[in-house]
Peer 1: 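Next up is a structure, given as structure tokens.
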Amino acid sequence: MTWRQAKWEEPLIFEMGNEGRVGTLVPIDEEINKEINEVQLPEKIRRKGDLELPQLSELEVVRHFIRLSQMNFGVDNGMVPLGSCTMKYNPKIEEVAASFVENLHPLQDEETVQGVLEVIYRIQEWMADITGMDLCSLQIPAGAAGELAGVLMIKKYHETKNHINRDEMLVADTAHGTNPASAAMAGYRVIYIKSNSEGLVDIDILKETVNDRTAGFMLTNPNTLGLFEENILEIAKIIHSVDGVLYYDGANLNGILGVTKPGYMGFDIVHVNLHKTFAVPHGGGGPGAGAICAKGELVNYLPYPIVEKHNEKYTLSKVPKYSIGKIATYYGNIANVIRAYSYILGLGAEGLSYIGKMSTVATNYLIAKLKDVKGLSLIAPNRFRKHEVVFSAKPLAVSTGVTALDIAKALLDRGFYAPTIYFPGIVEEALMIEPTETEPKEVIDAFANAIKDIINKAYENPQEIQKTPQNTAVKRIDQVYANHPTTITPTYRVLKLRKLGKITALK
Amino acid sequence: MYHHPWLPNLSHLDEMLKEIGVKDVDELFKDVPQEIRIKDGYRSLPQRAMSEFEILNELSASFRKNLNLKYPPFLGGGICPHYIPYAVKMIMSRSEFYTSYTPYQQEISQGLLQALFEYQSLIAELFELEVVNASLYDWGSALAEAVLMSHRINGKKVVLVPSSMNPFRKEVLRTWIYGKGLKIVEVPINNESGETSLEEYKNILNKHKDEVTAVYMEQPNFYGVVETQLDEIFTEAKKYKAITILGMNPLFSAVIKPPGEYGVDIAVSDGQEIGLALNYGGPLLGIIATRWDSTLIKQLPGRIVGLTKDVEENRAYTLILQYREQFSRREKATSNITTNETLMAIGVAVYLSLLGKNGLITLAEEILRRSHYAVRELEKIGVRKAFSGEFLEEVALEFGKDYTEIHKHLLTKGIHGGLQLDKTKALYCFSEVHTKHAIDELIDSIREVMK
Ligand SMILES: Cc1ncc(COP(=O)(O)O)c(C=O)c1O
């Protein structure tokens with residue numbers, strides 16, 4: 001039997017419903033209505049335009065969004081092997097855990113929220129232990145925000161130390177796009193460090209590049225090829241020799257959980273993505289959550305507030321001496337922090353110590369199944385990967401024209417989400433696969449077979465693969481139409497105005 | 001042998017290692033130097049795995065330490081308690097949505113893309129602006145992104161903000177713009193009305209004229225006061241070619257002038273007021289919207305979903321204008337944002353669809369009645385509005401005596417009053433979750449200390 005996704009041809013919510021319908025009743029207090037009939041706002045500030053929201057019954061709204069959900073695909077539907085995203089199973093207990101903070105207001109008197117502060121405090125401590133850092137703040141709503149916090153901390157550190165002309169941030173050429181983007185937001189010039197033929201930071205190039213303008217180096221370990229930077233201690237020494245700061249992008253922490261800690265490797269600042277390593281659901285693109293942690297004197301630069309404990313009382317009072325300030329409006333994505341808390345409780349130190357190992361086993365098992373497949377190649381084939389592996393489909397593309405994108409689309413037809421593709425950029429036709437420790441062996445087997453099947457078909461009849469996907473809600477998308485100045489449509493409002501001739505092409 | 005529900009392959013370890021061709025797991029980590037290996041585990045963590053039953057007990061034990069409030073807190077400060085219909089939560093807990101990720105593969109992610117397109121479209125109607133992105137983290141970071149956009153557009157470095165803006169958002173703004181060396185200049189308020197002083201505004205704008213990248217205004221401001229001279233302020237700002245940014249309460253844009261009617265360049269906001277839980281301050285939902293102007297749109301941060309078609313001419317949705325994003329432009333990207341607040345955006349889309357035009361206007365009007373009832377009754381016991389200006393759901397109150405005492409007294413009754421602003425003032429929020437009964441009890445309790 002073939003897998004098929006629902007295909008509803010669901011209209012836009014604006015095209016549904018009818019005049020006068022409501023989807024929910026607003027609570028009306030009769031007593032107050034007797035007292036106050038109407039509040040008249042001054043004419044000058046009143047809304048003039050009609051509020052063009054749809055009018056629907058509750059069933060119509062629910063059915064609409066349920067149908068939309070059926071045209072989507074998450075970990076609960078099937079394997080989502082997106083590399084660098086750690087799409088592991090999200091235990092259901094997390095949803096109950098999060099509901100404990102649903103109705104807590106962030107500005108409540110600390111006396112009234114000792115319970116949540118206790119949990120936040122524990123997570124701060126646990127994250128410090130797990131990363132090998134001294135102190136953590138949970139301000140960051142996602143990894144990229146952690147990087148911004150990190151580079152701003154580095155900037156302020158050098159300023160406070162009167163290190164002048166520190167205007168260069170080093171970034172590995174295998175780094176995620178967020179690393180250079182974050183460095184640029186902090187005003188740094190980005191210098192890329194090339195990888196060697198083994199897919200690791202080229203130590204000689206690093207040595208040549210580092211100088212008294214180096215503010216720091218942003219690195220993941222394992223890197224985005226899934227390879228452990230075995231020279232990490234030397235890398236740390238090189239960066240520290242010029243008083244640079246070594247920043248750990250924690251996106252890939254899953255592969256070494258229980259094996260080593262960023263602090264042991266010589267990193268000074270670390271961010272953790274709770275939505276990757278600690279099973280916070282990805283929510284279709286977010287919300288995530290994170291921790292930003294530091295060691296030694298760098299703890300003085302962490303974003304505030306941090307929860308402290310004095311005489312068995314928890315307070316949000318800690319403002320590090322040279323704190324960069326606030327990254328989030330309140331304290332970060334606390335409901336997700338609580339989700340991660342329940343996940344950690346569900347594993348304990350003992351369970352956590354298996355995560356890095358079992359995710360690494362899953363990756364290398366998949367490699368064993370795929371490494372001799374004609375059409376795929378692997379940089380540094382004799383090195384074991386950790387959380388993920390990046391295959392190149394270049395040999396296949398050269399001989400058949402079937403690309404990494406085509407393989408991705410063909411996987412969709414077989415009931416799998418696709419790997420991350422075309423990242424990292426140093427691998428041509430990259431297929432970046434992260435199976436995670438939660439996918440059962442049989443699913444990894446089926447996934448490997450699907451790839452083999454696709455590649456076999458590509459050699460026999462490449463057009464068939466290039467026509468995929470066929471079993472999803474829609475077929476391949478017209479990206480040109482989507483982005484063309486005369487047809488680009490980011491909202492229904494634009495569609496309406498264009499029909500009325502009221503807006504011009506977007507130049 | 002060790003079993004765990006989230007580790008299915010423990011029982012197949014030998015088989016998998018054999019397939020890999022190693023004798024033990026350790027061999028897979030031979031590239032991790034011995035001196036950096038974890039030797040004594042994670043000492044600060046609970047050691048053993050807990051069952052679900054035990055996790056729940058543990059959570060309950062902690063959360064029992066929170067004070068059980070009799071009514072939702074009368075707290076604002078940027079986000080207020082509101083009622084969320086169950087259908088919103090139910091849709092947000094659909095596995096297909098909440099366990100998925102960014103719709104990189106559009107063909108299999110149409111449902112999410114359409115929901116996001118609808119979110120963008122609903123906000124566009126609410127704000128009367130043409131372009132909305134798929135979400136940012138929260139209001140503070142949305143404002144910071146808007147100011148960074150302005151800086152990229154005109155290269156200038158001063159952002160004018162009202163001294164009455166939300167102080168938490170201001171701290172976020174200050175942090176995020178530090179890297180680019182931008183500077184915040186504050187415009188004082190009129191102490192009588194609580195509104196931004198137009199006079200001072202003109203002076204300060206004129207003083208910094210060539211340096212102003214953007215002007216930011218908040219509607220209403222932190223003290224709950226509605227600004228009635230936004231037209232004048234933005235007209236003035238435009239003379240100096242500054243980018244105009246309005247931070248707008250989304251719920252009340254159903255009844256008061258939305259950003260689009262002022263002709264502003266960028267609007268920022270938070271979706272919490274329209275369908276999201278308080279979550280002890282996060283996750284929230286950062287909203288950013290712009291006019292139909294390519295200079296602005298090209299600088300927008302984050303994901304944007306667009307309407308298009310597939311190869312068979314079926315209607316379809318996809319991520320658009322991706323040349324702005326970090327994965328394609330790296331250090332030249334408009335922002336580093338990747339993981340955003342998608343699920344919250346879906347929640348807001350469901351909420352706005354449920355309430356619709358009638359519901360949202362009815363809700364705003366009902367809240368106005370409740371807040372005005374509360375203030376009228378408070379005035380009877382000697383509490384005054386701190387400012388004479390118009391207010392919506394939030395209002396700064398002058399108690400004329402030590403507020404700490406009032407606050408403590410309320411807590412003994414299981415009531416959480418407003419946010420203390422100074423010795424005698426506090427900021428209150430009244431919404432549809434506060435009944436007359438609750439408001440009356442609040443006021444009775446305050447009266448006990450006012451005497
Ligand atoms: C290696 C790497 N670094 C940073 C990020 C950014 O993290 P986030 O999406 O949580 O902002 C990601 C993932 O998106 C990543 O894979």
Side-chain angles (χ1 to χ4, degrees), chain A residues 23-24 26 31 36 39 53 55 65 68-69 71-72 74-76 101-102 104-106 112 114-115 129 141-142 144 177-178 180-182 184 186-187 190 228 230 264 282-288 325-326 329-330 333-335 348-349 351 364-365 384 440 472-475 482 489 491-493, chain B residues 8 16 20 28 31 36 42 44-45 48-49 62-63 65-67 75 77 85 91 94-96 99-102 107-108 110-112 121 124 137-138 140 171 175 179 277 279-283 307-308 310 316 326-327 330-331 333 336 339-343 353-354 356-357 362-363 368-369 436:
Chain A
T24 191
V26 170
E31 298 279 307
I36 305 246
V39 177
L53 298 185
Q55 304 182 52
F65 284 102
L68 294 190
S69 76
M71 295 188 282
N72 208 46
V75 176
D76 287 355
V101 295
E102 231 171 43
L104 294 181
H105 192 289
T112 69
Q114 285 296 301
D129 186 352
T178 49
S182 302
V190 175
F228 192 82
E230 60 188 4
Y264 294 174
H282 282 70
K326 285 175 71 65
T329 307
Y330 301 99
N333 284 350
I334 297 302
N364 289 287
Y365 178 74
F384 292 118
T472 46
V474 298
K475 312 246 161 96
T489 309
T491 56
Y492 187 65
R493 189 177 176 84
Chain B
M16 292 173 85
I20 298 169
L28 300 174
D31 44 4
I36 63 170
Y42 297 120
S44 71
L45 272 68
R48 186 181 68 80
S62 285
F63 282 97
K65 295 173 192 165
N66 288 346
L67 185 71
L75 270 172
I91 302 293
R94 283 292 291 198
S95 276
E96 297 91 333
T99 72
S100 68
Y101 197 30
T102 309
E107 299 88 347
I108 200 172
Q110 283 297 299
L112 180 75
S121 300
Y137 303 131
D138 61 16
E171 285 314 293
T175 309
N279 289 331
Y280 200 52
L307 179 66
T308 181
D310 74 357
Q326 49 75 20
F327 62 87
R330 305 180 79 81
E331 64 271 30
N336 64 351
T339 297
N340 45 72
E341 312 290 293
T342 296
L343 192 66
S353 303
L354 282 170
K357 172 185 169 163
T362 308
L363 177 60
L368 283 175
R369 278 191 294 269
K436 175 166 182 294

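By convention in this document, chain letters (A, B, ...) are assigned in the order of the sequence lines, proteins followed by strands, and residues within each chain are numbered from 1. This structure is a prediction, so every number in the text was calculated from the model and none was measured.
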Peer 1: I need the A:Leu104 CG to B:Leu75 CG distance, nearest 0.5 Å.
Peer 2: 11.0 Å

Peer 1: Heavy atoms only: give me the nearest A:Pro180-B:Arg330 pair and the separation to one decimal.
Peer 2: CG-CB, 3.7 Å

Peer 1: Tell me if a side-chain donor or acceptor on B:Asn66 pairs with a main-chain N or O of A:Gly115 at a distance below 3.5 Å.
Peer 2: yes

Peer 1: What's the separation between atom CD1 in B:Ile108 and atom CE in A:Met71, rounded to the nearest 0.5 Å?
Peer 2: 12.5 Å

Peer 1: To check you understand the geometry: which heavy-atom pair defines the closest contact between A:Gly288 and B:Glu341, and what is its length?
Peer 2: N-OE2, 4.5 Å

Peer 1: Quick check on A:Glu31 against chain B: is it the side chain, the backbone, both or neither that has a heavy atom closer than 4.5 Å?
Peer 2: both

Peer 1: If you take all heavy atoms of B:Thr339 and A:Pro287, which pair is closest and at what distance?
Peer 2: CG2-C, 4.4 Å

Peer 1: A:Pro440, A:Gly283, A:Gly351: which one forms the most heavy-atom pairs within less than 4.5 Å of chain B?
Peer 2: A:Gly283

Peer 1: How many angstroms lie between NZ in A:Lys326 and OG1 in B:Thr175, if you round to the nearest 0.5 Å?
Peer 2: 8.5 Å

Peer 1: Say whether, by atom type as modelled, one donor and one acceptor occur between the side chain of B:Asn279 and the main chain of A:Ala335 under 3.5 angstrom.
Peer 2: no

Peer 1: Would you say B:Asp138's side chain and A:Thr329's backbone share a donor-acceptor pair under 3.5 angstrom?
Peer 2: yes

Peer 1: Who wins among B:Thr102, B:Leu307, B:Asp310 for the most heavy-atom pairs under 4.5 Å with chain A?
Peer 2: B:Asp310

Peer 1: Between B:Pro283, B:Gly140, B:Ala316, which has the largest tally of heavy atom pairs under 4.5 Å with chain A?
Peer 2: B:Pro283

Peer 1: I need the residue from B:Leu343, B:Leu368, B:Thr342 with the largest number of non-hydrogen atom pairs under 4.5 Å to chain A.
Peer 2: B:Thr342

Peer 1: When you measure from the side chain of A:Thr491 to the backbone of B:Ser121, do you find a donor-acceptor pair of N or O atoms at a distance under 3.5 Å?
Peer 2: no

Peer 1: Do A:Leu68 and B:Leu112 come close enough that some side-chain heavy atom pair is under 4.5 Å?
Peer 2: no

Peer 1: With a 4.5 Å heavy-atom cut-off, do B:Ile20 and A:Phe384 have their side chains touching?
Peer 2: yes

Peer 1: Between B:Arg369 and chain A, with a heavy-atom cut-off of 4.5 Å, which part of the residue counts as in contact: side chain, backbone, both or neither?
Peer 2: both

Peer 1: For the pair B:Thr99 (side chain) and A:Asp76 (backbone), establish whether a donor and an acceptor sit closer than 3.5 Å, ignoring hydrogens and angles.
Peer 2: yes

Peer 1: Please find the pair of heavy atoms, one from A:Ala349 and one from B:Leu45, that lie closest to each other, and give the distance.
Peer 2: CB-CB, 4.2 Å

Peer 1: What residue in B:Ala277, B:Ser44, B:Ser95 has the most heavy-atom pairs under 4.5 Å with chain A?
Peer 2: B:Ser44

Peer 1: Between CG of B:Leu354 and CZ of A:Phe65, what distance do you get to the nearest 0.5 Å?
Peer 2: 8.0 Å

Peer 1: Under 3.5 Å, is there a donor on one side chain and an acceptor on the other for A:Thr178 and B:Asn336?
Peer 2: no

Peer 1: Quick one: does A:Ser69's side chain get under 4.5 Å of B:Ile91's, heavy atoms only?
Peer 2: no

Peer 1: Relative to chain B, which of A:Val26, A:Thr489, A:Asn364, A:Asn72 shows the most heavy atom pairs under 4.5 Å?
Peer 2: A:Asn72

Peer 1: On a heavy-atom basis, which atom in B:Lys65 and which in A:Gln114 lie closest, and how many Å separate them?
Peer 2: O-CB, 3.8 Å

Peer 1: Taking all non-hydrogen atoms of both residues into account, name the closest pair between A:Phe228 and B:Asp31 and its distance.
Peer 2: CD2-O, 3.4 Å

Peer 1: Hey, are the side chains of A:Asn333 and B:Tyr137 touching, using non-hydrogen atoms and a 4.5 Å cut-off?
Peer 2: no

Peer 1: Under a 4.5 Å cutoff for heavy-atom pairs, which residue among B:Pro85, B:Gly179, B:Ala124, B:Gly77 has the most contacts with chain A?
Peer 2: B:Gly179

